[in-house]
Structures are given as C-alpha cells and as structure tokens.
Amino acid sequence: MTHILDNESYLPLFHYSSTLIVIITSLYCCIVRNFHLCRPFDKQADYFYPSRKIICWYFLVILFLVPYLFHLESLDTWLFFRCFYILYLPSFGSVVLRNYFFINVRLRIIHYTLSIGLPVLLLSPLWIIGCDGGDVLRPYYDIVSCVALILSIAVLVDLVLVTTKLMHIIQDYMYGEYSNEEDFPVRFAKSVVFIPLTLWLVSVFVFLTDSRTVYAYFSLFLSFVGITLLVFILHPHRSACTSIEKDMQKSVSSDIAIEEIGLFPLENVEITEELANQIEQQIRSVVEGRQLYLDPRFKRDDLAKIVGTNRTYLSIVFRQRFNSFYNYINTLRIEYSIRFQQDHPECSRLEIAHASGFGSLRSYFRVKMLYDAGKL
C-alpha cells in the first residue's frame with residue numbers, strides 16, 4: 001500500500017468539517033434511536049426493540065474519531081481513522097442483524113467475540129497512540145494497514161454468514177405467506193440486509209485510496225445514509241402505531257394460542273397425523289373447491305381466517321404436505337393455466353397469466369419454468 005499522506009494537498013477545513021458532521025450525526029441518531037419508542041411498546045422496550053441499545057452503542061463508538069479533529073496532520077491519528085471504518089462497518093452490521101433476528105445466546109457470544117473482539121484488538125492500541133498526535137507508527141504504517149484489512153475480511157465472514165442465513169429466513173417467510181412474487185415485501189428487506197455488505201465494499205475502496213479527501217466525502221456519505229435510514233425506518237411507526245396497538249391488544253385479549261402469534265419455532269410444535277390430515281383436507285376443499293388460487297392477492301392469512309385454524313398448525317401442514325404455501329398455490333395456478341390455454345387457444349400469454357391468478361407475465365413465466373423443471 002502506498003502512503004500518499006506526505007504528497008497529498010488536502011483541505012484541512014473540509015476534512016475537519018466532514019468528521020465533525022459524521023460525529024454529530026451519529027450522536028443525533030443515537031439519541032433518536034434511544035428515545036423514539038411507540039406506545040404501548042415503550043413499556044417493554046427491551047423486548048420490542050431488541051437491537052436498540054446495541055445500535056445506540058455503535059453510534060456512540062463514532063466518538064472515537066474525535067482525536068482526529070485535534071490532530072489532523074498526525075500520521076498515527078490518520079492511521080487509526082483510516083482503519084476504523086473497514087472494521088467498524090462489518091462489525092456493526094453483523095452484531096445488529098444477529099442481535100435482532102437470532103436469539104441463540106451461546107452462538108451470539110461466539111460471533112460477538114469475532115465481530116467485536118477483532119476490531120477492538122487492533123483499534124484500541126491505535127486509538128491510544130493516535131490520541132498523542134505523533135508519528136510513532138510511521139515505520140509500521142503499511143504493516144498495520146495490511147493487518148487491519150485482514151481482520152476486516154475476517155469480520156466480514158461473520159457478516160456474510162448472518163446475511164446468508166437471514167436471506168434464507170426472508171425467503172422462507174415470503175414463500176410461506178404469499179402466493180405472488182409481486183406481493184413479496186422483499187425489496188426493502190433485501191436492501192436493508194445488504195447495506196452493511198455494500199458499505200463495507202465502499203469502505204475498502206476508500207481505504208485503498210489512502211486519501212484524506214476521499215475519506216472526507218465518505219464520512220459525509222455515511223452521515224447521509226444514517227439519517228436516511230433513521231427517517232425511513234422510524235417515520236412509518238408514527239402513522240402505524242394506532243393500528244399496531246389495536247392489533248396487539250386484540251391478540252392479548254383474545255384466546256389465540258401463544259404459538260399462533262409466532263413466538264415459538266415450528267420445530268418445537270407437535271401435531272398429530274389425524275389433525276394434519278384434517279387440516280390438509282380443509283385446505284384442499286377450500287382452496288381448490290372455491291378456486292381461491294385465482295385471486296392474485298391471496299395470502300396465507302386469508303386462508304387461515306377461512307379455514308379457522310391457527311397459523312402455526314397451518315404452517316406445519318404446508319411445510320409437511322405442500323412444501324410451501326407459495327408452491328401449492330402456484331402449482332394450482334399453472335395447472336389451471338394449462339387447462340385454460342387448451343380451452344381458449346386464441347388467448348395471449350398475458351391473458352392466460354391474468355386468468356390463472358398470476359400478478360404479472362414475468363411471474364407466470366418464472367413459475368412455469370419451475371413447474372416444467374419439477375422444482376415447484
């Protein structure tokens with residue numbers, strides 16, 4: 001790696017301002033994230049906002065960039081600043097996603113050791129040395145930079161594992177709840193899941209440039225990303241709090257079984273063969289008898305209300321007998337489309353797709369390919 005600090009003509013005010021902005025932005029995000037709680041969930045904030053405290057702590061970690069404001073020309077402080085983001089960003093993403101979506105405490109501790117321990121192991125001594133504002137690390141500049149990059153890649157491995165597992169969960173949920181891809185609320189989920197990986201890639205590129213000016217722009221970019229995500233995530237809560245509160249009160253006051261609201265994994269719920277057969281018969285009678293699969297907006301929630309069984313039992317039956325809700329409904333749609341095409345040879349493919357319950361021609365082609373390949 002080439003150290004271009006000595007021959008780079010940079011603007012100290014711009015570098016100072018960008019760092020100050022990212023620090024102030026992080027403090028603001030920390031305060032908002034800590035105190036923005038919707039009623040009645042604020043009474044059990046740790047349960048309903050499991051990642052709130054960790055996110056706040058990670059926002060506060062940005063304060064470790066403060067020495068850079070006082071020692072802009074120090075090589076030691078710059079080295080800490082340069083290594084900070086490539087270790088901070090994958091650690092942030094891995095820990096937050098794991099804390100929010102996965103509850104296995106033992107495994108969480110192991111992964112936290114990797115995601116938090118490795119960055120702290122390198123950044124702590126660099127920060128202590130950087131606070132002095134000297135050039136002690138000049139002979140070791142390239143070595144420390146290489147070590148930081150290697151540790152960053154190690155932390156990235158854990159982030160990739162978390163992201164991969166989370167994408168499988170999202171996919172299982174989509175195919176278990178919805179019958180049409182157009183209804184999948186997956187675009188936002190995918191974008192949020194891949195934000196840490198994307199930011200890491202950008203941070204590595206910035207790291208390799210070894211340019212204070214590029215880092216200044218990157219700091220401003222991170223400030224923008226932080227504020228945008230905060231506004232995008234929290235804003236819907238204000239308008240949705242009333243309906244959410246009503247749904248929660250309804251669930252609590254009703255006789256719905258606790259497993260019905262999804263607090264336990266399906267593997268922990270047992271169902272007898274007789275009950276499974278009964279539910280399967282009800283599903284086939286309702287869905288196939290009434291041709292509910294022709295409704296492009298048909299969801300598992302709609303079926304649960306019609307059949308009158310709890311969601312957990314319905315999920316188990318779909319997993320055991322039909323592979324998934326999505327597979328079952330779209331198999332019926334394809335079989336209907338084949339019959340419809342035979343009865344109406346003059347119809348276009350678009351007309352066939354719409355008549356068979358598909359939300360778009362693209363979905364029809366995709367499902368038809370899966371059906372023909374025996375993968376549906």
Side-chain angles (χ1 to χ4, degrees), residues 1-30 56-95 113-156 199-200 202-223 225-226:
M1 299 181 187
T2 304
H3 174 220
I4 64 173
L5 181 64
D6 294 332
N7 57 22
E8 183 185 52
S9 176
Y10 60 90
L11 300 174
L13 180 60
F14 177 53
H15 303 154
Y16 182 92
S17 301
S18 64
T19 305
L20 183 61
I21 288 173
V22 77
I23 291 174
I24 293 175
T25 300
S26 296
L27 286 175
Y28 172 77
C29 291
C30 175
C56 289
W57 276 112
Y58 264 100
F59 278 131
L60 287 177
V61 168
I62 297 292
L63 289 174
F64 283 98
L65 297 179
V66 168
Y68 183 65
L69 298 176
F70 298 96
H71 306 292
L72 283 175
E73 297 185 7
S74 167
L75 177 65
D76 295 344
T77 311
W78 165 244
L79 182 57
F80 167 79
F81 185 90
R82 181 171 175 249
C83 297
F84 178 80
Y85 283 128
I86 63 171
L87 290 167
Y88 169 80
L89 291 173
S91 174
F92 189 174
S94 176
V95 170
T113 302
L114 174 65
S115 300
I116 300 177
L118 290 181
V120 170
L121 188 66
L122 178 64
L123 292 178
S124 294
L126 289 181
W127 182 79
I128 294 173
I129 297 173
C131 286
D132 185 56
D135 292 338
V136 177
L137 298 175
R138 181 178 293 274
Y140 312 103
Y141 187 89
D142 289 340
I143 296 176
V144 173
S145 298
C146 289
V147 171
L149 186 58
I150 293 172
L151 291 181
S152 176
I153 294 174
V155 178
L156 177 69
L199 290 178
W200 180 83
V202 177
S203 71
V204 169
F205 169 77
V206 174
F207 173 83
L208 294 176
T209 65
D210 199 1
S211 168
R212 291 177 183 259
T213 302
V214 174
Y215 262 98
Y217 283 112
F218 184 58
S219 295
L220 294 177
F221 171 70
L222 289 180
S223 300
V225 170

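All values below come from the heavy atoms of this structure, side chains included, with hydrogens, waters and symmetry mates left out.
Remark: the backbone N or O of Phe80 is not paired with any side-chain donor or acceptor of Trp127 at under 3.5 angstrom. In this structure, Asp76 contributes its side chain and Gly133 its backbone to no donor-acceptor pair below 3.5 Å. Under the 3.5 Å distance criterion, the side-chain polar atoms of Thr25 are left unmatched by any main-chain donor or acceptor of Ser223. Using modelled atom types, no side-chain atom of Ser94 and backbone atom of Pro90 make a donor-acceptor pair closer than 3.5 Å. No donor-acceptor distance shorter than 3.5 angstrom exists from the side chain of Arg82 to the backbone of Arg212, with no hydrogens or angles considered. Checked by atom type and distance alone, the side chain of His71 never pairs as donor or acceptor with a backbone atom of Gly130 at under 3.5 Å. Formation of a donor-acceptor pair under 3.5 Å by the Tyr88 side chain with backbone atoms of Pro119 is not found in this model. Of the possible polar contacts, none joining the Ser124 side chain to the Leu121 backbone as a donor-acceptor pair under 3.5 Å is found.
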Stepwise, does the side chain to side chain contact (heavy atoms under 4.5 Å, CB included) test hold for Asp210 with Tyr141? CA-CA 11 Å; Asp210 199 1; Tyr141 187 89; 2.8 Å; yes
Would Leu27 and Leu63 count as a side chain to side chain contact (heavy atoms under 4.5 Å, CB included) here? Give the steps. CA-CA 8 Å; Leu27 286 175; Leu63 289 174; 3.9 Å; yes
Check against side chain to side chain donor-acceptor pair (under 3.5 Å), Ser18 and Ser219: CA-CA 6 Å; Ser18 64; Ser219 295; 4.7 Å; no
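The aromatic ring centres of Phe84 and Phe64 sit 6.0 Å or more apart. Here Tyr85 and Phe218 bring their ring centres to under 6.0 angstrom of each other.
Closest approach of Cys30 to Leu60, counting heavy atoms only: SG-CG, 3.7 Å. Between Ile62 and Val22, the shortest heavy-atom contact is CG2-O, 3.9 Å. Here the closest heavy-atom approach between residue Leu75 and residue Leu137 is recorded as CD2-C, 4.5 Å. The shortest non-hydrogen separation linking Ser91 to Ser115 is OG-O, 2.7 Å. A pairwise comparison of heavy atoms in Leu69 and Ile23 identifies CD1-CD1, 3.9 Å as the closest pair. The two atoms that bring Leu118 and Ala154 nearest to each other are CD1-CB, 3.9 Å, heavy atoms only.
Using a 4.5 Å cut-off on side-chain heavy atoms (C-beta onward), Phe207 and Ser145 make contact.
If you take CG on Leu199 and CG on Leu222, they are separated by 6.0 Å, rounding to the nearest 0.5 Å. Annotation: the span from Leu87 atom CG to Leu156 atom CG amounts to 11.0 Å, rounded to 0.5 Å. Annotation: the span from Tyr58 atom OH to Leu89 atom CG amounts to 10.5 Å, rounded to 0.5 Å. Going from atom CD1 of Ile150 over to atom CD1 of Ile86 covers 10.0 Å, rounded to the nearest 0.5 Å. For the atom pair His15 NE2 and Leu72 CG, the distance stands at 8.5 Å (nearest 0.5 Å). In this structure, OG on Ser17 lies 9.5 Å from CD1 on Ile24, to the nearest 0.5 angstrom.
Residue Tyr68 is tested with Tyr215, Phe81, Tyr16 for a ring pair (Phe, Tyr, Trp, His ring centres under 6.0 Å); the sole match is Phe81.
Heavy-atom contacts from other residues, nucleotides or ligands closer than 6.0 Å to OH of Tyr140 number 12 or fewer.
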